Amino acid sequence: MPELPEVETVRRGIESRVVGRKILDVEVGRERSVRRVGKEAVVHGLTGTTMVAARRRGKYILCDLDSGDAVMIHLRMSGRVLVEPTGTQRPAHTHVVLQLAPRDGLHEEMWFVDPRTFGEVVVYDPRLEAEVLPELAKLGPDPISDRFDGGVLAERLAGRRGAIKPLLLNQHVVAGVGNIYADEVLHRVGLRWSRTVDTLSRKKIDKLAFAIREILAEAIESGGSTLQDTQYVDVEGNVGSFQENHRVYGREGLGCLTCGKTSIRRVMVAGRSTAYCPRCQR
DNA sequence: AAACAAACCTGTGCGC
DNA sequence: TGCGCACAGGTTTGTT
């Protein structure tokens, strides 16, 4: 579900609503959500600590604790983070609850909610990051947090072959682009999902890198994309609005908003549904 | 090595 | 109304 813009929106919410508040108590209702290090490590690692920072690398949220430990939260397909007043009815699939020290007299909890349980919460010693979270070291550049331009992208694509879309989804190439934004980016630069990297000029790669930054930044500005199922909401429960700007994703059969002459088509590529305009994208 | 399918889960929407 | 199937924002693992 959530891609870089949604994850960044959640990170900002954690930064403003959770960072700086002591964690008084921790409940883990589902072992699977903390499978990487186990329930004990999460409960003991968080209880009594205070988050001092909330960072992000691609789709990974990384929070620093005043104990020196760190917390990694990955939402995968259906994870959500919510901050709600203590005592509020918790939704189904609320797997981890952090009781926060009251702020301005308000008692609140942070919930990790995740129906499909692909997501996870990990508490770890940052000195052991390479062993606990080996995937972090393999991530490509973050198009928002890191220096990212055509030169960087060309470097990441060097030596790789095949269709462009699966490469944009590869987190080792670029960290944070997912299925919606890959389709939107490719449409903006007029590239079809099937174009192979070896046919891309350096100038086109510059445009591609620029469009990645541009679209992700615009989406962050809009608070991310919330689809019909309203699965994605920020920590306050607000929906995003970037779906109103989608030009291909979820628009199968509708007229292309750019050329106005062809209808958007949808095919399966590398197991992911892929929307494109056959006229605008070559 | 790369391309693809399956796996991990639950919920929803659709056709019959 | 009910049932079975396809599919969903991600990522890893195993197989050709």
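Remember, predicted model here, so these are calculated numbers, not experimental data. Chain letters run A, B, ... following the sequence lines, proteins first and then strands; every chain starts at 1.
- Partners of Arg36(A) by salt bridge (charged side-chain N to carboxylate O under 4.0 Å, His left out), not counting sequence neighbours, listed by chain and number: Glu120(A), Glu135(A).
- Residues from residues 73-82 of chain A that place a heavy atom under 4.0 Å from any atom of DNA chain C, listed by number: His74(A), Arg76(A), Met77(A).
- For the pair His93(A) and dG11(B), the criterion of a side-chain N or O lying under 4.0 Å from OP1 or OP2 is met.
- Comparing dG10(C), dT12(C), dA8(C) by their closest approach to the side chain of Tyr60(A) singles out dT12(C).
- Using a 4.0 Å heavy-atom cutoff across all strands shown, Gly159(A) reaches sugar-phosphate atoms only and no base atom.
- In this structure, Glu27(A) pairs ionically with Arg90(A), as a charged nitrogen and a carboxylate oxygen lie closer than 4.0 Å.
- If you check every strand for non-hydrogen atoms under 4.0 Å, Glu135(A) touches sugar and phosphate atoms only.
- The nearest whole Å value for the distance from the CG atom in Asp114(A) to the P atom in dT11(C) is 13 Å.
- Stem analysis of DNA chain C (at least three stacked-register Watson-Crick or G-U pairs, each with both distances under 3.5 Å) gives B:2-8 with C:10-16, B:10-16 with C:2-8.
- Looking at heavy-atom distances under 4.0 Å, Gly119(A) makes no contact with the nucleic acid at all.
- Residue Arg266(A) places at least one side-chain N or O closer than 4.0 Å to OP1 or OP2 of dA8(C).
- For Arg160(A), no side-chain nitrogen or oxygen approaches OP1 or OP2 of dA3(B) to under 4.0 Å.
- Within the 4.0 angstrom heavy-atom criterion, base atoms lie near Phe118(A).
- Arg32(A) has a side-chain polar atom (N or O) that falls below the 4.0 Å cut-off from OP1 or OP2 of dC9(B).
- Between the side chains of Tyr181(A) and Ser225(A), a donor-acceptor pair is found at a separation under 3.5 Å.
- Here the side chain of Arg195(A) pairs no donor or acceptor atom with the backbone of Ile164(A) at under 3.5 angstrom.
- Residues Glu109(A) and Val83(A) have side chains not in contact (no heavy-atom distance under 4.5 Å, counting atoms from C-beta outward).
- Within 4.0 Å (heavy atoms only), Arg35(A) reaches no atom of the nucleic acid at all.
- When the P atom of dA8(C) is taken as reference, atom CG of Asn179(A) falls 8 Å away, rounded to whole Å.
- Residue contacts shown for Tyr249(A) are limited to sugar-phosphate atoms, with no base heavy atom under 4.0 Å away.
- Residue side chain Arg161(A) does not reach the base of dA1(B) through any donor-acceptor N/O pair under 3.5 Å, judged by distance alone.
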Applying side chain to side chain contact (heavy atoms under 4.5 Å, CB included), run through Phe118(A) and Leu75(A) and close with a yes or a no.
CA-CA 8 Å; Phe118(A) 293 167; Leu75(A) 306 173; over 6 Å; no

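- Between dT11(C) and Gln171(A), a contact under 4.0 Å exists linking OP1 or OP2 to a side-chain N or O.
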